[in-house]
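Here the structure is laid out as structure tokens; the discussion comes afterwards.
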Amino acid sequence: MARNVIRSVKGTRDYYPEEMGLRVWLYQKMRQVSESFGYSEYEGPILETFELYAAKSSEEIVEKQSYVFEDRGGEKLTLRPELTPTLARMVAARQPQLTFPLRWWSFGPFWRYERPQKGRTREFFQWNIDMLGDDSPEADAELVAIAATFLKAVGLKPDEVQILVNNRKLMDARLAAFGIAPDKRPEVFNLIDRRDKMSAEDWQAYARELGLNGQQIADITALISDQDLWQQSDELVRMFAALKAYGIDEYVSFAPHIIRGLVYYTGTVFEAWDTRGEYRAIFGGGRYDNLVGDVGGDPVGGVGFAVGDLIIGLLLQELERLPVFGATPAPVFFTLFDQALLSASLTLANRLRQEGLAVTSQLQPEKLGKQFKYADRIGARIALVLGPDEDRDATIAVKDLKTGEQETIPQAQLIEKLRTLI
RNA sequence: GUGGAUGUAGCUCAAUGGCAGAGCGCCGCACUGUGGAUGCGGUGGUUGAGGGUUCGAUCCCCUUCAUCCACCCCA
């Protein structure tokens with residue numbers, strides 16, 4: 001590069017208007033779905049104490065993948081790698097004043113210190129949505145229904161994405177029945193979670209490393225392919241029953257191998273995947289019963305999920321479900337014929353703004369050809385020309401840049417005309 | 001943290017141990033009251049950075065930085 005532009009920080013993204021368009025579009029869909037279920041928006045700080053995550057998030061996330069540093073006063077701080085601990089902290093801090101069940105959602109930046117690759121950056125955005133204070137399977141169902149409604153809202157179909165649901169209590173009980181000790185179950189959960197990521201041989205070897213005997217390995221193998229297993233869980237039976245009412249059950253299926261990595265999940269867990277399996281999980285979530293208590297509050301259970309902006313963005317882009325971003329927010333471009341008409345042009349343009357129309361004004365008198373080219377390039381839909389003739393007759397030329405049709409009309413009719421065109 | 005690849009014009013990419021190229025874009029003109037399309041003309045480079053080998057390096061070697069991809073983990 002000839003120019004030596006100072007580079008951006010590794011793993012961060014610059015949101016040029018086109019990228020910002022996608023982010024805002026997703027944000028609007030998330031808001032729309034969240035609010036339609038009665039969830040209120042909140043936000044926490046990007047910086048938290050290291051203490052908040054220690055032993056509450058997964059070890060890998062805290063120890064290896066968090067930005068941890070000391071501030072000038074020597075306090076150990078973390079750039080938040082996830083939101084749920086912040087939520088638990090905020091709820092614990094004001095627990096007596098809050099009305100439960102509470103329904104909250106948020107969309108903001110998160111940081112993980114990892115090697116960037118496709119669909120993964122160090123700074124990313126996440127939609128978090130949670131309900132606290134209702135421990136019922138129907139609450140779990142509501143969150144799954146919200147997730148499905150979102151997928152539908154962004155134009156994804158059930159044959160393209162699936163929400164896979166499981167329940168840790170169910171799995172825990174089954175492992176107990178196989179004679180697997182409680183302290184070994186987290187490792188076995190991890191084993192199950194990785195079934196799809198390893199070859200059958202490696203998986204078997206890993207299972208033996210954990211000290212499982214042949215019978216237990218066979219039991220687990222049978223367990224995670226048992227599609228009817230959910231019927232043994234009252235919670236899942238009630239949850240699936242509730243889900244039917246939302247009309248989104250084609251987006252949801254039972255999947256006994258879904259466990260999830262985060263240690264704080266205690267009951268229902270779920271993930272959404274593209275059905276071709278090309279990408280990582282689109283989102284993940286579940287029920288956590290101890291988190292608020294763990295940060296010093298009175299025990300109150302919660303259920304929620306988090307959607308990163310990257311995978312869903314890649315998927316939507318690939319399936320061509322995204323609108324075109326990057327056009328000017330102003331559909332109307334007001335040209336400037338010459339210096340003598342500057343004042344008249346600016347005045348008229350501003351009158352349009354006062355009527356609620358978004359208008360870009362040309363400020364320097366360049367050739368009209370250049371002005372039209374500029375208007376076309378920024379994505380304006382209408383160009384207005386106020387030349388000497390129009391100024392004398394109190395008219396204005398209105399050109400539709402898409403059709404190329406142009407009409408000269410009295411200025412008094414301009415607003416009405418623009419409203420029909422836009 | 002581990003492994004693999006790639007850095008050449010604004011963008012996408014060629015090329016050869018011996019003058020650095022194309023397409024697109026951009027600018028101008030045809031068209032001084034009208035964009036997209038077309039034609040013609042023009043602008044384009046410390047070949048990521050540093051060092052080595054060589055008469056000569058964009059090419060070969062070393063170092064470094066950056067980016068991308070996979071693993072790990074996860075949104």
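Every chain is numbered from 1, with letters handed out A, B, ... down the list of sequences.
Of the P atoms belonging to B:U54 and B:C69, the separation is 40 Å, rounded to the nearest Å. A gap of 10 Å separates the C1' atoms of B:A14 and B:G23, to the nearest Å. Rounded to the nearest Å, the gap between the C1' atom of B:C59 and that of B:C19 is 16 Å. Between B:G45 and B:G21, the distance separating the two P atoms is 12 Å to the nearest Å. To the nearest whole angstrom, the two C1' atoms, one in B:G4 and one in B:U46, are 30 Å apart. With both ends at atom P, the span from B:U16 to B:A20 equals 15 Å, rounded to whole Å. Spacing of C1' atoms, B:U47 relative to B:A15, comes out at 11 Å, to the nearest Å. Across B:U58 and B:A9, the matching P atoms stand 15 Å from one another, rounded to whole Å.
Within the 4.5 Å cutoff, side-chain heavy atoms of A:Pro116 are placed close to those of A:Lys10.
For RNA chain B, the residues of residues 9-47 of chain A within the heavy-atom distance limit of 4.0 Å (strictly under) are A:Lys10, sorted by number. Scanning residues 300-314 of chain A for heavy-atom distances under 4.0 Å to RNA chain B yields A:Ala306, A:Gly308, A:Leu310. Within residues 364-384 of chain A, the residues that place at least one heavy atom under 4.0 Å from RNA chain B are, in residue-number order, A:Lys367, A:Leu368, A:Gly369, A:Lys370, A:Phe372, A:Lys373, A:Asp376, A:Arg377.
A cation-pi arrangement is present between A:Arg31 and A:Tyr27, with the terminal nitrogen or guanidinium carbon under 6.0 Å from the aromatic centre and inside a 45° cone about the axis.
For A:Arg103, the side-chain hydrogen bond (donor to acceptor under 3.5 Å, both in side chains) partners at least two apart in sequence or on another chain are A:Glu142. For A:Arg353, the side-chain hydrogen bond (donor to acceptor under 3.5 Å, both in side chains) criterion is met by A:Asn350, A:Ser361, not counting sequence neighbours. With sequence neighbours excluded, the residues forming a salt bridge (charged side-chain N to carboxylate O under 4.0 Å, His left out) with A:Arg260 are A:Glu271, listed by chain and number. Residues meeting the side chain to side chain contact (heavy atoms under 4.5 Å, CB included) test with A:Asp134, sequence neighbours left out: A:Pro101, A:Met131, A:Ser136, A:Ala139. For A:Phe333, the ring pair (Phe, Tyr, Trp, His ring centres under 6.0 Å) partners at least two apart in sequence or on another chain are A:Tyr374. For A:Tyr265, there are no ring pair (Phe, Tyr, Trp, His ring centres under 6.0 Å) partners, not counting sequence neighbours. The salt bridge (charged side-chain N to carboxylate O under 4.0 Å, His left out) search around A:Glu43 returns A:Arg80, not counting sequence neighbours. For A:Phe124, the side chain to side chain contact (heavy atoms under 4.5 Å, CB included) partners are A:Arg13, A:Phe110, A:Arg112, A:Thr121, A:Gln126, A:Asp309, A:Leu310, not counting sequence neighbours.
Note: A:Phe270 and A:Phe283 have perpendicular aromatic rings, judged against thresholds of 30 and 60 degrees for the angle between ring planes. Ring geometry for A:Tyr113 versus A:Tyr67: interplanar angle over 60°, hence perpendicular rather than tilted (30 to 60°). Classification of the A:Trp230-A:Phe240 ring pair by plane angle, with boundaries at 30° and 60°, yields perpendicular. The aromatic rings of A:Trp104 and A:Tyr42 are tilted relative to each other, their planes meeting at an angle between 30° and 60°.
Atom C1' of nucleotide B:U2 and atom CD of A:Glu114 are separated by 14 Å, given to the nearest angstrom. Here the P atom of nucleotide B:A75 and the CZ atom of A:Arg120 are 12 Å apart, to the nearest Å. In this structure, A:Glu82 places its CD atom 8 Å from P of B:A75, rounding to the nearest Å. Summarising the geometry, the separation between CG on A:Leu164 and P on B:A75 is reported as 14 Å, rounded to the nearest angstrom. Spacing between atom CD1 of A:Ile259 and atom P of B:C74 amounts to 12 Å, rounded to whole angstrom units. Between A:Asp274 atom CG and B:A75 atom P the separation is 16 Å, expressed in whole Å. For the pair A:Asp400 CG and B:U34 P, the interatomic distance rounds to 18 Å; values are reported in whole Å.
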For RNA chain B, the dot-bracket pattern of Watson-Crick and G-U pairs whose distances stay under 3.5 Å, | for other-strand partners: (((((((..((((....[..)))).(((((.......))))).....(((((..]....))))))))))))....
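A:Gln371 and A:Glu366 are not linked by any side-chain donor-acceptor pair at a separation below 3.5 angstrom, with hydrogens and angles left out of the test.
For A:Arg260 and B:A75, the shortest distance from a side-chain N or O to OP1 or OP2 is below 4.0 Å. Contact check, A:Gln117 against B:A70: a side-chain N or O comes under 4.0 Å of OP1 or OP2.
With respect to the salt-bridge test (charged N to carboxylate O, under 4.0 angstrom), the residues A:Asp389 and A:Arg392 qualify.
Residue contacts for A:Arg194: at a heavy-atom cut-off of 4.0 Å it reaches the sugar-phosphate backbone alone, with no base atom in range. Here A:Phe124 lies in heavy-atom contact (under 4.0 Å) with a base. Heavy atoms of A:Thr121 sit under 4.0 angstrom from at least one base atom.
Listed candidates were B:C73, B:G35, B:U34. Nearest to the side chain of A:Ala397 is B:U34. Listed nucleotides: B:C73, B:G35, B:A75. Nearest to the side chain of A:Arg112: B:A75. Closest approach to the A:Arg115 side chain among B:C73, B:C74, B:G1 is made by B:G1 (side chain taken as heavy atoms from C-beta onward).
Comparing A:Glu405 and A:Arg280 along RNA chain B, the residue whose closest nucleotide (by nearest heavy atom) sits nearer the 5' end is A:Glu405. Nearest-nucleotide assignment on RNA chain B puts the 5′-proximal partner with A:Lys118, out of A:Ala281 and A:Lys118.
By the 5.5 angstrom centroid cut-off and the 30-degree plane limit, A:Phe337 is classified as not stacked against the base of B:G33.
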